[in-house]
**Student:** 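My questions all concern the structure below.
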Amino acid sequence: MKKMVVGIGVLLCLLLWFSSCGTRIDDTEQPAGTDLLEEEKELVEEGDNYIVVGISQVGSESDWRIACTESLKSTFTQENGYYLIFEDAQQKQENQLKAMRDFILQEVDYIILDPIVETGWDAVLKEAQDAGIPVILVDRQVEVSDESLYTAWVGSDFHSQGVKAGTWLQNYLEEQGRGSEKINIVTLQGTLNSTAQLGRTDGFASVMKNHDNWNMLERKDGDFTQTKGQEVMEEFLDSYSDIDVVVSENDNMTFGAIEAIEKAGKTCGPEGDIIVLSFDAGRAALEAMAEGKINADFECNPNLGPEVSRIIQKLERGCEVDKFQYIEETYFDPTMDLESLIEERTY
Ligand code: GZL
């Protein structure tokens, strides 16, 4: 029934389109640029097989987020058998809750949710479960009383990313002969209580606790945006004259931090005053690394769409799916062939 709703919707659009376009019924005289219309007509005539998917996305706060959205939108297409309803929450949880309730009212077949923060989801997930709509989480996770409230999660191991960053710093300082030196660190945190922030902060801290000579001056929420990242880094530079390392929990905050450091007359990167560690590892960040401004970047792979589609296809065939699916990722630093890496980068 749900799928027919879409078929009727598409049919109505087609009828409206034809009626608004006067005498364009004669297929032999289809004007240029209406091929898609042909495909839509064929889909409707086949009694349509669209799987209706509602996606609630966090926002468009970072390069990573835009790449993640592109991955989802390019996967859930009509050509791939999906009818997509996409809602951008502009980084507000209340917008995500509203979008999910709209999806439930529209009786979508699946809800895909990237939850901006981990808490506050039990009620709406229960409403989706009661409506018989599976929820698949992407990227960030939820903290709920009953894990059966969602079907699966696909994303990164954020704690591992933080551990990789701490371990990289430990090895780098050793190589620089600074293994026993007092090291002052500041952290630009991502959106507080988001899985990415929690994992990266805790992962780095798990390495830091092995180094009595490492001193975390301050951690502060930069909300994963360049503007806030610059603002917070300016505050850090005003408060502390001896910062050795900035741990920035995403590339966009890193770009803001670099602005702030250079505005303060300091330098960053392998030859600079301040070591810069970043997360996401998008193309723009690798270019900044090639310019000598970032010491290391810990990848967070945004290409989640295909894996989510594979889960849905399995569910459509009545197959079991793994609850948690981690996506492969690595890290980059200037010892690598950055030129080739930048060229190959898909985001
Ligand atoms: C991580 C994702 C984070 C990115 C940021 O998976 O949730 O949110 O690291 C984005 O760039 O804003």
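Order of listing sets the numbers, starting from 1, for every ligand and every atom in it.
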**Student:** Who's touching ligand 1 if we go heavy atoms under 4.0 Å?
**Tutor:**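 E61, S62, W64, R65, D139, R140, F158, A196, R200, F224, N250, D280, C300.
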
**Student:** Going by the angle between their ring planes, with limits at 30° and 60°, are W214 and H211 parallel, tilted or perpendicular?
**Tutor:**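 Rings of W214 and H211: parallel, under 30°.
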
**Student:** Parallel under 30°, tilted from 30 to 60°, perpendicular over 60°: which one fits the rings of Y150 and F324?
**Tutor:**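 Rings of Y150 and F324: perpendicular, over 60°.
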
**Student:** According to ring-ring contact (aromatic ring centres under 6.0 Å, His included), who are the partners of F224, at least two apart in sequence or on a separate chain?
**Tutor:**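 Partners of F224 by the ring-ring contact (aromatic ring centres under 6.0 Å, His included) criterion come out as none, since no residue qualifies.
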
**Student:** Mind checking what makes ring-ring contact (aromatic ring centres under 6.0 Å, His included) contact with F76, not counting sequence neighbours?
**Tutor:**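 Listed in chain order: Y82.
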
**Student:** Between K228 and E61, is the closest basic N to carboxylate O distance under 4.0 Å?
**Tutor:**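 Looking at K228 together with E61, the answer is no, because their closest N to O distance does not fall below 4.0 Å.
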
**Student:** Quick one: ring-ring contact (aromatic ring centres under 6.0 Å, His included) partners of W153, sequence neighbours excluded?
**Tutor:**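 So W153 forms a ring-ring contact (aromatic ring centres under 6.0 Å, His included) with Y326.
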
